[in-house]
Each structure stands twice: as C-alpha cells, then as structure tokens.
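One structure below.
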Protein chains: 2
Amino acid sequence: MASASVKDVAALAQVSVGTVSNVLNRPEIVSAETVERVHQAMEKLSYVRNEAARQLRLGHSQAIGLITLSGANPFFTDVATAAENAAADAGYSVIVGNSNERQDREAGYLNLFEELRVRGVLLSPVGDAADRLRRMRDRGIPAVLVDRVSSDSTFSSVSVDDVAGGAMAAEHLIETGRTRLAFVGGPVAIQQVADRLAGARSVVARHPGVTLEFVDTAAPDVLEGRKAGQAIADRAPEDRPDAVFAANDLLAIGLLQTLFSDGKLAVPEEIALIGYDDIQFAGASVVPLTSIRQPSHLIGETAVQILLEEAENPGLEPRRVLYQPELVVRASTARR
Amino acid sequence: MASASVKDVAALAQVSVGTVSNVLNRPEIVSAETVERVHQAMEKLSYVRNEAARQLRLGHSQAIGLITLSGANPFFTDVATAAENAAADAGYSVIVGNSNERQDREAGYLNLFEELRVRGVLLSPVGDAADRLRRMRDRGIPAVLVDRVSSDSTFSSVSVDDVAGGAMAAEHLIETGRTRLAFVGGPVAIQQVADRLAGARSVVARHPGVTLEFVDTAAPDVLEGRKAGQAIADRAPEDRPDAVFAANDLLAIGLLQTLFSDGKLAVPEEIALIGYDDIQFAGASVVPLTSIRQPSHLIGETAVQILLEEAENPGLEPRRVLYQPELVVRASTARR
DNA sequence: CTGAAAGCGCTAACAA
DNA sequence: TTGTTAGCGCTTTCAG
C-alpha cells in the first residue's frame with residue numbers, strides 16, 4: 001500500500017482535489033458537511049500530506065535551519081530546544097546541524113538548507129559567513145546570527161555581551177585575591193573566545209600587578225581542557241597561575257579532570273577556576289564551578305522570532321539584540 | 001533574484017533540461033565537453049538543486065528521521081552524532097527530534113517525518129509505538145528501534161542489554177560491601193529504566209541480607225535527581241541506603257548536587273553511588289562517578305546501517321543487535 | 001550522446 | 001461553495 005494522495009481522498013469523498021486542498025488550508029470557506037466528509041475519507045485512507053509537493057508549490061518549506069558550533073555543548077542544545085519550541089508555536093519545525101567549528105561542515109549544512117529551501121537560517125558562524133549569507137538572502141532565505149554579532153551589521157543578531165562577560169570573570173577573580181590569571185581557550189578565530197579574552201584583558205590592564213596569560217587550545221571541549229590542565233599541572237609551582245578563566249564550561253570541566261581531580265592541586269586554594277555558560281553540569285563538577293551564565297533559552301526564542309519576522313517581511317532593518325551575562329559564584333573561586 | 005532552476009541552467013548552457021539532470025545524476029553518460037559547459041552555467045547562476053522537486057519525483061527524501069528521548073542527555077546526543085556521520089557517508093542527512101519522554105511529541109515528530117517522506121525512522125519510543133510504526137512501514141517507511149527492543153519483534157532494533165547492565169551495577173555495589181541498596185529512577189514506563197531495575201533486582205534476590213529499595217522519579221534528569229537526593233538526605237541515618245544505583249548519569253549528578261555536595265553525606269564512605277551511560281561529565285563530577293558505559297557511537301552507526309538496508313530492501317527479516325554494557329569504576333563506589 | 005515530454009502531489013487562480 | 005486546471009522543478013523513459 002502506497003501513500004494516499006489528495007486525489008484518492010477526493011475520489012472517496014466525492015469532491016474535487018481543490019476542495020480537499022481547501023479543507024486542509026482554509027477550512028472556513030468549505031461547508032461543514034463537506035469538511036466532515038473529507039475528514040472521514042482522510043481518516044479511512046490515513047492520508048498524510050506530502051510536504052515536498054506542498055513546498056514545491058509554495059516555493060519554500062515550513063522548516064528553519066539552525067547551525068550550532070557544537071552538538072556536545074549543553075549551551076547550544078539549550079538554545080536549540082528553545083528555538084524548537086518557539087518555532088513549533090509558529091507552525092515551523094527546526095532542523096539542526098552542528099558544524100563542530102569546521103567551516104566545511106558549516107558550508108555543507110548551509111547547502112543542505114538551501115536545497116531544502118528552508119524559510120530561514122539561524123547560525124553561529126565559524127568564520128565570516130557574510131558573503132554566503134548575503135547570497136542566500138538574495139534568494140529569499142534570511143539569516144540571523146546567534147551568539148555572535150554581524151561583522152558588517154547587515155544581518156540581525158541575538159547574542160550575549162561576551163566582552164562584558166570576560167570582564168566580569170576577570171574582575172571576580174581579582175576581587176577574590178588572585179593576581180596571576182590564565183585564560184584557557186581557543187581557537188581565537190572563534191569570536192566568542194576572542195571577545196571573552198578581550199574583556200578579561202581590558203580589566204587586567206586596569207589593575208597594576210595583575211597579569212594575564214593566554215593558553216591556547218585547539219577546540220573548546222572537555223578533551224582539550226584536560227590537555228591544558230595537564231600542561232599547567234606539570235609546571236613548577238612558582239610558574240603556575242593562581243586562577244584560570246576557561247572560555248567555556250566544557251574546558252573548565254576538562255581542566256578539573258586532570259588538573260585538580262588527580263589531587264595534584266587544590267581548588268580553589270591553589271588555583272581558582274571560573275568557566276563560562278553555566279551549563280547544567282557546572283554545579284555538579286568535582287568542585288562546583290563558578291561560571292558566567294548566558295540566557296540560552298531567551299537567545300533561541302528571540303532568534304526564531306526575529307527570523308520569522310524577516311522571512312515574512314523581507315527588507316526589514318537588521319536588528320541586534322544584546323543580552324547581558326550574569327556571574328554565578330560557586331566553590332571553585334572561593335576567597336582564599 | 002530568485003533561485004535558478006534546471007531550465008535556466010539548460011538555457012545558458014544551450015542544452016536541454018534532461019541533459020542538465022543527467023550531469024547531476026549520471027555524469028558518466030554525458031560527454032565531458034557538455035558536462036563542463038553545464039557546470040560553468042551552474043556556477044555562473046549559483047544554481048542550487050531544489051530538494052523538494054527532486055524528492056517529489058523520487059517519492060522519498062534523502063533524509064532519515066531520528067527521535068530521541070531527551071535532547072539534554074549527552075548519551076543521546078552522542079548517538080545522534082554517530083548517526084549523522086554514518087548517514088552522511090551514505091548520502092543522507094539526519095533530522096533529529098526530541099520527544100522528552102512525551103508521547104504527543106513523539107507522535108508529532110512521526111507525523112512530521114511522514115510528511116517529509118523520510119527514508120526511514122530511528123526511534124527510542126516512549127511507550128509502545130508498534131501500531132504507528134507498522135502503518136508507516138506499510139507505506140514504505142521502515143523503522144529501527146534504538147536503545148530498546150521491539151515488543152513483538154517485528155522491527156529491527158539496536159540496543160544494549162539493560163538487564164545485564166542493571167545486574168552489573170548491583171553486583172558491583174554488593175561486591176564493594178554495600179547491603180542496603182536503593183534504585184533511583186523513573187518513570188518505569190520507560191523500558192530502559194524498568195530493565196535496569198529488573199537486572200538489579202535479580203542480583204539482589206540471589207544475595208540474602210541485601211535489600212533493594214525503589215525510589216521513583218518523574219523523569220530521568222538532573223532536576224529530579226536533586227529532589228531524590230534531598231529526600232534521601234532528609235531521612236534518619238539508620239533509615240538511609242548505603243548505596244544508590246541511579247538509572248542514568250543525569251540522575252546521579254543531580255543526586256550528587258543535593259545529597260553530597262552540600263556536605264551532608266560523604267561519598268563513597270556513607271553512601272556509594274553508581275550511574276548509567278558514562279557520559280562525558282561523569283568523570284568530572286563532585287565525586288568522579290562510577291558508571292555503566294554504553295557504546296553510544298556504535299549504536300547510532302549500526303542503527304543507520306540497518307535502517308538503510310531495510311529501506312533499499314523492503315521485506316528484510318528484522319534484525320536485533322544487542323550490545324553489552326561495560327562497568328567503569330571510579331571514586332564514587334570505592335570500597336569502604 | 002542529447003532532446004522532448006510526461007508526471008510526481010500540491011495550491012491558488014479562475015470559472016461555474 | 002465547489003470544480004477545473006496550470007504549473008512549481010525535477011527525473012526518467014522514449015525517440016532521435
């Protein structure tokens with residue numbers, strides 16, 4: 001048994017295909033009696049509308065695409081969940097792709113989404129995707145940047161002030177008495193990483209006697225955090241920082257695993273540690289982690305809202321929404 | 001500027017649309033010279049193939065649907081990532097939906113996937129979806145169950161022996177000297193939860209003097225774990241279990257947050273704790289967590305492979321792949 | 001090797 | 001209120 005089409009339903013209900021289409025899309029213009037008859041026919045045939053055909057006719061799909069930097073990062077899964085809910089309310093579904101910080105993956109998903117004629121794209125770009133996004137917009141597929149502001153301000157964006165967040169983290173570390181800070185994160189090509197570092201640097205510059213060291217990582221994940229932790233633990237005590245600011249919680253948790261879990265160094269006594277994102281696991285780590293919270297839920301929701309407005313109203317002025325992060329203090333940065 | 005179609009490309013390259021389609025799908029039958037000309041035309045128009053039209057013609061899409069129980073559980077995101085990679089190798093993409101243990105959500109995604117005419121569905125069912133899946137299969141959309149065996153063995157499945165895993169956990173707890181065990185997890189309507197509990201019970205039954213208490217939770221997540229931890233901590237000492245087996249790591253981490261982090265109880269001295277899944281964060285929790293590891297990567301990979309075989313070869317005998325879990329010992333269950 | 005043409009299932013305009 | 005029909009972009013015979 002193959003799938004039933006409008007034609008089959010029409011035949012069974014003794015109406016035309018146009019009428020079937022109408023009960024599907026504008027039931028109010030069809031007589032109650034006919035609606036009923038058609039519904040029964042659909043039921044009997046267990047009719048399921050063919051999205052491809054609908055979309056071909058409409059010119060675009062009822063889906064929006066979302067590309068995040070990392071599927072393993074709870075921050076992004078939170079954003080995605082919020083986006084899904086907001087989209088569902090508006091009758092759209094969300095297709096998620098993870099670039100894992102790779103430009104080629106990002107390009108691949110952008111391609112797929114364009115083939116799918118999605119209604120719009122939500123993107124946390126790896127590098128500078130402006131050219132590609134402009135081309136898509138010219139074809140009627142708008143984009144809004146997520147967790148990142150547009151380099152040339154021609155696209156809407158929903159993000160959190162990473163420079164402020166970075167400053168907040170550094171300030172907190174200094175306030176609790178630390179002077180030899182290290183920023184662990186990378187690659188700096190990721191704008192979020194660069195901004196957080198910049199924020200921290202600006203604060204350190206205002207505090208004579210306080211230093212900030214930069215420890216690069218190949219990716220902002222748990223594994224790289226472990227490596228960085230190992231490297232720091234292997235140093236001579238007088239050569240070690242007394243506080244570490246990790247570019248995100250994944251890195252911080254990795255740091256905790258090698259640096260501190262093995263009992264090599266006491267946290268926060270010997271080294272304080274602060275992360276970023278305040279993911280669900282931050283409060284349950286070896287030492288509960290101080291972190292900078294981002295309103296992940298709000299980000300996803302707002303991004304969808306703006307995107308849909310632009311999709312229905314091309315030529316709208318780009319908007320930039322900038323949320324403020326929030327410091328969440330836990331044991332990992334307790335005063336000495 | 002709207003999107004260019006095969007017709008535009010054909011016109012520019014001075015060939016027919018049929019030829020354009022051929023260079024897209026069977027370039028080997030087209031002369032090299034023509035291929036070149038068509039490619040140049042595509043380039044100039046930045047042609048992007050319309051998936052909807054292709055799919056309408058083909059009768060099905062180049063995507064497979066995946067419905068997981070929880071988007072917040074790293075175990076499922078691992079399965080999803082593996083599935084995406086395996087699918088990509090075969091020229092398919094994966095659309096992911098999270099039911100969050102809700103039947104209505106699951107039904108919604110099943111509907112969406114059928115409208116999308118996905119090539120097949122990968123599903124961790126909330127309840128018993130057999131009827132619905134059978135109907136989809138009749139229409140040419142096969143399904144394979146993930147992390148769960150089919151109740152009536154008419155569907156292929158890729159899962160891990162949860163009964164064995166539950167037994168493994170209980171045995172380990174007993175071996176390390178605990179006698180008053182508690183199983184924290186729920187709802188038992190989730191098969192995985194029920195199986196792990198059953199495995200633990202069978203082991204306990206073989207050990208006189210050992211008891212197993214069941215502590216129900218509304219969902220297997222961090223929040224519910226916290227609540228359960230609170231409840232246990234509030235009991236009189238002689239009334240408390242000396243070991244807790246959490247149905248998954250999310251619950252275990254939640255337990256850790258209220259039960260142990262607050263310094264109320266020492267782990268593993270006063271209470272031992274074992275989780276399930278061995279997610280990335282298990283090794284970095286307040287007390288590094290002993291857990292039962294599942295081969296999440298293999299699960300996703302194998303499921304895709306079986307699904308695609310069935311899609312291309314309807315009427316194949318259902319297969320059941322059952323992997324064995326593995327005990328990973330960490331500090332949370334150290335011998336007293 | 002290439003071209004012409006049918007038709008996948010649907011929606012929206014227009015006619016009745 | 002309902003029916004008829006064109007056409008969305010693509011693939012695939014079938015002729016040439």
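The analysis underlying the following values was restricted to heavy atoms, covering all of them including side chains, and did not include hydrogens, waters or symmetry mates. Chain letters run A, B, ... following the sequence lines, proteins first and then strands; every chain starts at 1.
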Self-check item: Lys NZ or Arg CZ of B:Arg148 over B:Phe155 ring: under 6.0 Å, within 45°
Solution: no

Quiz item: Over how many whole Å does the gap from A:Gln55 atom CD to C:dC10 atom P extend?
Solution: 13 Å

Quiz item: Taking NZ from B:Lys7 and C1' from C:dA4, how many angstroms apart are they, rounded to a whole number?
Solution: 13 Å

Practice problem: Indicate, with a heavy-atom threshold strictly under 4.0 Å, whether B:Val15 touches base, sugar-phosphate, or nothing. | Solution: sugar-phosphate

Exercise. Please figure out whether A:Arg57 or B:Ser16 has its closest DNA chain C nucleotide nearer the 5' end.
Key: B:Ser16

Practice problem: Check the distance between C:dG9's C1' and B:Arg139's CZ and give it to me in whole angstrom. | Solution: 15 Å

Practice problem: Ignoring hydrogens and angles, tell me if any N or O in the side chain of B:Arg37 forms a donor-acceptor pair with the backbone of B:Ala13 under 3.5 Å. | Solution: yes

Quiz item: Roughly, in whole Å, what's the span from CD in A:Gln62 to P in C:dC10?
Solution: 15 Å

Practice problem: Check for a donor-acceptor pair, side chain of B:Asn100 on one end and backbone N or O of B:Arg102 on the other, with a separation under 3.5 Å. | Solution: no

Quiz item: A:Ser5 near the nucleic acid: base, sugar-phosphate alone, or nothing, with a heavy-atom cut-off under 4.0 Å?
Solution: sugar-phosphate

Practice problem: Nearest-nucleotide wise, let me know which of B:Thr19 and B:Arg117 is further upstream toward the 5' end of DNA chain C. | Solution: B:Thr19

Quiz item: Does the side-chain hydrogen bond (donor to acceptor under 3.5 Å, both in side chains) test come out yes or no for A:Gln305 and A:Glu301, once each step is laid out?
Solution: CA-CA 6 Å; A:Gln305 193 184 309; A:Glu301 217 171 76; over 6 Å; no

Practice problem: Describe the nucleic acid contact of A:Arg54 in one word from base, sugar-phosphate, nothing, applying a heavy-atom distance below 4.0 Å. | Solution: sugar-phosphate

Exercise. Please state how far atom NE2 in A:His60 lies from atom P in C:dC10, giving the value in whole angstrom units.
Key: 17 Å

Quiz item: Given B:Arg49 and A:Asn111, is the side-chain hydrogen bond (donor to acceptor under 3.5 Å, both in side chains) satisfied, shown in steps?
Solution: CA-CA 9 Å; B:Arg49 176 220 259 126; A:Asn111 242 2; over 6 Å; no

Quiz item: Heavy-atom count around B:Glu28 CD within 6.0 Å, excluding the residue itself: above 12?
Solution: yes

Exercise. Could you pick out which residue, A:Ser31 or B:Arg49, lies toward the 5' side of DNA chain D when each is mapped onto its nearest nucleotide?
Key: A:Ser31

Exercise. Specify the separation, in whole Å, of atom CZ of B:Arg37 and atom C1' of C:dT2.
Key: 11 Å

Self-check item: Terminal contacting nucleotides, 5' and 3', DNA chain D versus chain A (heavy atom, 4.0 Å)
Solution: D:dT1 to D:dG9

Quiz item: Rounding to a whole Å, what distance do you find between A:Arg26:CZ and C:dC14:P?
Solution: 12 Å

Practice problem: To the nearest Å, give me how far apart CG (A:Asn22) and P (C:dG9) are. | Solution: 20 Å

Quiz item: What's the spacing between B:Leu24 CG and B:Arg54 CZ if we round to 0.5 Å?
Solution: 7.5 Å

